[in-house]
Amino acid sequence: MASKHVIATRHTKSIKNRFASRFLRSLLRMKRSDRFGGSRSNEGVRKRSTHRIKMAAYASMARAVGPSRTWSRALLFKLRNRARIQGVLRKRCLVSKKNKKKRVVRNKVIISREPSRTDTLRKLVPGGDSMDICCLLEETAHYIKCLATQVKVMQSIADQSLL
């Protein structure tokens with residue numbers, strides 16, 4: 001029978017492979033659609049490209065992990081809704097361009113308290129606001145492992161592209 005460490009390593013490697021293949025496919029799709037930025041030096045284009053790469057990395061990691069984790073479900077839900085909203089906004093912008101009115105916000109008295117470490121952690125982990133502390137810590141540990149894997153894969157891709 002395989003030890004717990006070996007099983008965890010196999011699982012991590014499979015997540016790493018799934019993430020790498022999904023992320024590379026996303027990058028290839030961006031390059032083919034010519035929205036990648038290419039050799040243009042325009043700051044706005046580079047900023048959009050960076051944002052798209054970041055979103056592709058998040059989506060690839062969440063899809064590689066699957067729906068078994070709360071943070072991956074929350075992240076996929078957030079990305080899906082953001083895509084829907086942006087699609088609707090693009091259609092509205094193309095149909096009619098109206099002048100946007102600036103809203104003046106008046107001074108309000110807001111009573112705030114110092115956020116606890118748990119509250120801060122809940123904001124950092126996707127879907128963390130609906131978890132109890134035990135689940136939050138477990139999901140945070142898994143999320144950190146996945147982010148570390150994401151960094152390693154992206155670093156290896158960057159190293160390969162420099163050669």
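Quantities reported herein were computed from a predicted structural model and do not represent experimental measurements.
- The shortest distance between side-chain heavy atoms of Arg25 and Leu28 does not fall below 4.5 Å.
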Side-chain donor-acceptor pairs under 3.5 Å in residues 70-77, sequence neighbours left out?
residue: Thr70; atom: OG1; partner: Arg73; partner atom: NH2; Å: 3.4
residue: Trp71; atom: NE1; partner: His142; partner atom: ND1; Å: 3.1
residue: Ser72; atom: OG; partner: Gly66; partner atom: O; Å: 2.5
residue: Ser72; atom: OG; partner: Arg69; partner atom: O; Å: 2.9
residue: Arg73; atom: NH1; partner: Pro67; partner atom: O; Å: 2.6

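- Using a 4.5 Å cut-off on side-chain heavy atoms (C-beta onward), Thr50 and Lys47 make no contact.
- Nearest heavy atom pair, residue Arg18 against residue Ala64, reads NH2-O, 2.7 Å.
- Between the NZ atom in Lys152 and the CZ atom in Phe19 there is a gap of 12.5 Å [rounded to 0.5 Å].
- At a threshold of 4.5 Å between non-hydrogen side-chain atoms, the residues Phe23 and Met154 count as touching.
- Met61 has its side chain out of reach of Leu147: every pair of non-hydrogen atoms, C-beta onward, lies at least 4.5 Å apart.
- Residues meeting the side-chain contact (heavy atoms from CB on, under 4.5 Å) test with Ser26, sequence neighbours left out: Arg29, Ala56, Ser60.
- With sequence neighbours left out, the salt bridge (Lys or Arg N to Asp or Glu O under 4.0 Å) criterion links Asp119 to Arg113.
- Rounding to the nearest 0.5 Å gives a distance of 11.0 Å between CE of Met55 and CE of Met30.
- With rounding to the nearest 0.5 Å, the separation of CD in Glu138 from CG in Asp132 is 9.5 Å.
- Here the straight-line distance linking atom NZ of Lys16 with atom SG of Cys146 works out to 12.5 Å at 0.5 Å rounding.
- Leu137 pairs by the side-chain contact (heavy atoms from CB on, under 4.5 Å) definition with Leu121, Ile133, not counting sequence neighbours.
- Here the OG1-CG distance, from Thr118 to Leu136, works out to 7.0 Å after rounding to the nearest 0.5 Å.
- Every residue meeting the side chain to side chain donor-acceptor pair (under 3.5 Å) condition with Asn81, not counting sequence neighbours, appears here in chain and number order: Arg84.
- Follow the hydrophobic side-chain contacts under 4.5 Å out from Val65 and you reach Leu24 in the same cluster.
- Between His51 and Arg48 the shortest side-chain heavy-atom distance does not fall below 4.5 Å.
- Taking the side-chain contact (heavy atoms from CB on, under 4.5 Å) definition, one finds that Ala20 meets it with Val153, sequence neighbours left out.
- Summarising the geometry, atom CG belonging to Asp129 is positioned 8.0 Å from atom CZ belonging to Arg122; distances are rounded to the nearest 0.5 Å.
- When atom types are taken as modelled, the side chain of Arg63 and the backbone of Tyr58 share no donor-acceptor pair closer than 3.5 angstrom.
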